[in-house]
Every structure is written in structure tokens, then in C-alpha cells.
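Following: one structure in C-alpha cells, then a few remarks.
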Amino acid sequence: MFVQRIITKDYDEMSRRAADFVADKLRQNPELRLGLPTGNTPRGMYEQLVERYARGELDFSRVHTFNLDEYWGLEPDHPAAFARYIQNHFLRHVNVPSGQAHWPAGKGDAAENARTYEARIGAEGLDIIILGIGVNGHIGFNEPGAAFDARTGFVQLAERTRQDAFHPRSGFATREDVPIHGITMGIGTILEAKSILLLASGASKAEAIQRALEGPVTEEVPASALQRHGDVTVIVDEAAAARLADK
Ligand code: GLP
């Protein structure tokens with residue numbers, strides 16, 4: 001395992017460093033195949049990337065983007081849909097051509113959607129996948145117990161994940177509206193990316209980060225699978241790093 005750890009003083013610095021990481025990779029490879037997360041954590045990184053694009057510093061015209069996951073049963077324009085999130089926070093402000101932005105469809109035939117999505121990711125795989133982490137150690141919607149060789153597929157959300165998914169900016173009107181299922185790149189799919197960038201901010205993530213990076217590699221902590229990857233960069237703020245023994 002090669003893990004580079006960057007501990008930042010706060011959320012804003014985490015976001016800037018994450019954007020620096022993407023910008024560097026993009027300059028090295030303008031045809032980047034980029035796996036993208038949603039959630040609160042990467043909002044600041046997207047803001048940074050959008051600002052840098054607006055200043056003329058970045059060109060996404062040859063980039064392909066691939067969302068990590070999606071709720072099951074939502075229309076792509078539902079306020080909580082990750083397809084909508086990525087449009088609102090990133091795609092609509094930069095020059096990724098629409099045919100080069102991909103996400104797993106969250107309605108219809110789940111097995112067929114999963115196959116289609118894996119085929120789009122293709123044998124080439126992803127150059128980078130950026131991940132957030134759930135308080136229970138999930139990555140994408142790979143919940144505790146998910147197999148490390150899992151491919152993109154239909155999954156059940158953990159109850160804790162559904163609870164955390166309901167917040168003022170979530171796009172859900174009520175707690176009960178949070179879907180019970182999702183479709184997610186599998187851990188096997190994620191581990192095939194050439195580089196992985198893991199982001200976390202805040203004290204609520206400290207335990208998950210410690211278990212992911214320093215705990216046993218176990219399917220009970222999906223993010224611990226990252227210890228099996230050869231090129232992982234972790235950018236976390238001080239609060240999220242608080243429980244790491246090795247800082
Ligand atoms: C969701 C998403 C994950 C995300 C996680 C953490 O469950 N499926 O991809 O990393 O939540 O979200 P947040 O960044 O809002 O804490």
C-alpha cells in the first residue's frame with residue numbers, strides 16, 4: 001500500500017488541496033477518466049475546480065466523469081439525486097461535454113444498469129476516483145459487509161446511512177423519502193482505479209478514518225479495502241485526523 005496523508009487545518013484547506021490534486025492530474029493527462037463523489041464533503045473541492053476553470057486555468061473538454069453512486073428510485077432531476085448534484089455543483093459550470101459525463105441510472109432494471117455502467121467504465125478503468133467516507137466506513141454505497149471484489153450493483157443502504165442522508169441540504173423533504181436502496185460502483189471497481197483520493201472533514205469522520213487507514217482490513221469497514229491499493233492519497237482536516245495514531 002502507498003498512502004500519502006495530507007492533514008489540513010480545516011475544511012477549506014482540504015478542499016483546496018483536493019482541487020490541487022485534480023488540477024495536477026489533469027495537467028498531466030487532459031483525457032482524465034475521473035470518478036466523482038457527491039455528499040457534503042466534496043462541495044468545496046467542486047467550488048475550487050469551478051473557480052479555477054472560470055479563471056482559465058483548467059480545461060475539462062477531454063475529460064470523462066463517472067459518478068460513484070446513485071439513490072435507487074429517484075428521477076435524475078430529483079433534488080436529492082446525485083446526477084442532479086453533479087450537474088449543479090460541477091458539470092454545468094465547466095466544459096465537460098455532456099456525452100462525456102456518466103452516472104449509473106437509478107431507475108429501471110438494476111442489473112442491466114449496472115452492466116451498462118461497468119461497460120462505460122470499460123477495460124480502461126478510471127484514472128482517479130475521489131471518495132468521501134460514511135461514518136460507518138462506507139465508500140460509495142458499499143456498506144459494511146460488502147465484498148471487496150464487488151462490481152457495480154444494486155445495494156441496500158445501511159440504516160445509519162439513511163439517517164445521515166437526511167439533512168437541510170439533502171434535497172429530501174422527509175426522512176422517509178430517503179431511498180432504501182442504491183446503485184454503486186463496487187469496491188472491486190473502485191480498487192481498479194489507478195489513483196484514489198479519499199477526503200474527509202470533521203470529528204464525525206474521525207473514527208471511520210482511523211479504522212479505514214489503521215484498522216484491520218475487513219469487509220466490516222469497506223474503506224479499509226483501500227489499504228490493498230497501491231496509490232491512495234488521503235486529504236483530511238485535523239478534526240477527521242484526530243484519532244490517527246500515525247499523523
Ligand atoms: C453518501 C454517499 C457517499 C458519501 C457519503 C458521505 O452515502 N453515497 O459517496 O461519501 O455519503 O457523505 P458526506 O460527504 O455528506 O458526509
Side-chain angles (χ1 to χ4, degrees), residues 8 10-12 14-15 18 34-48 65-74 78-86 88-90 102-104 106 114 117 126 128-146 150 152-172 175 177-187 189-191 193 196-209 211-213 221-226 232-237 239-241:
T8 66
D10 57 18
Y11 177 79
D12 287 344
M14 179 205 77
S15 303
L34 185 58
L36 294 175
T38 55
N40 289 318
T41 309
R43 285 174 198 264
M45 175 193 72
Y46 290 126
E47 276 172 26
Q48 282 286 321
T65 65
F66 296 85
N67 280 23
L68 188 57
D69 52 6
E70 183 57 280
Y71 289 112
W72 189 257
L74 302 187
H78 185 285
F82 294 156
R84 176 158 160 169
Y85 171 109
I86 208 69
N88 285 344
H89 292 88
F90 185 54
H102 313 277
W103 45 80
Y117 202 53
L126 301 174
I128 307 179
I129 183 141
I130 307 172
L131 302 171
I133 188 168
V135 293
N136 63 357
H138 75 227
I139 47 176
F141 276 138
N142 295 284
E143 300 284 14
T152 300
F154 179 77
V155 293
Q156 182 160 351
L157 274 50
E159 211 33 59
R160 179 65 207 261
T161 300
R162 293 189 66 230
Q163 280 168 26
D164 290 346
F166 181 69
H167 56 78
R169 295 199 282 183
S170 66
F172 292 116
R175 209 168 275 283
D177 289 345
V178 179
I180 294 167
H181 297 101
I183 181 166
T184 184
M185 282 187 206
I187 295 177
T189 317
I190 290 170
L191 291 179
I196 297 179
L197 174 62
L198 175 66
L199 305 177
S201 166
S204 67
K205 300 291 174 71
E207 187 182 344
I209 284 294
R211 293 175 79 197
L213 301 184
V221 182
S224 69
L226 302 182
V232 180
T233 302
V234 181
I235 307 180
V236 292
D237 64 14

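Source: prediction; values computed, not measured. All ligand and atom numbering here is 1-based and tracks the order in the structure.
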Inset, instruction - State, with a plain yes or no, whether a side-chain heavy atom of Leu226 is found less than 4.5 Å away from one of Leu131. - result: yes

Legend entry - His102: ring-ring contact (aromatic ring centres under 6.0 Å, His included) partners, not counting sequence neighbours: His64, Phe66

Inset, instruction - Quick one: sort the Phe82 and Tyr71 rings into parallel, tilted or perpendicular, breaks at 30° and 60°. - result: tilted

Measure from every N or O atom of ligand 1 to the protein's N or O atoms and keep only the pairs below 3.5 Å, writing each with atom names and distance to 0.1 Å.
| residue | atom | partner | partner atom | Å |
| --- | --- | --- | --- | --- |
| ligand 1 | 7 (O) | His138 | NE2 | 2.9 |
| ligand 1 | 8 (N) | Asp69 | OD2 | 2.6 |
| ligand 1 | 8 (N) | Gly140 | O | 3.2 |
| ligand 1 | 9 (O) | Asp69 | OD2 | 3.4 |
| ligand 1 | 14 (O) | Asn40 | N | 3.3 |
| ligand 1 | 14 (O) | Thr41 | N | 3.0 |
| ligand 1 | 14 (O) | Thr41 | OG1 | 2.4 |
| ligand 1 | 15 (O) | Asn40 | N | 2.8 |
| ligand 1 | 16 (O) | Lys205 | NZ | 2.7 |

Inset, instruction - Taking the side chain as every heavy atom from C-beta outward, state whether Phe141 and His181 have any pair of such atoms under 4.5 Å apart. - result: no

Legend entry - Reference residue Pro104; test side-chain contact (heavy atoms from CB on, under 4.5 Å); the match among Asp69, Leu68, Ile183: Ile183

Inset, instruction - Examine distances only and state if a side-chain atom of Tyr85 and a backbone atom of Phe90 form a donor-acceptor pair shorter than 3.5 Å. - result: no

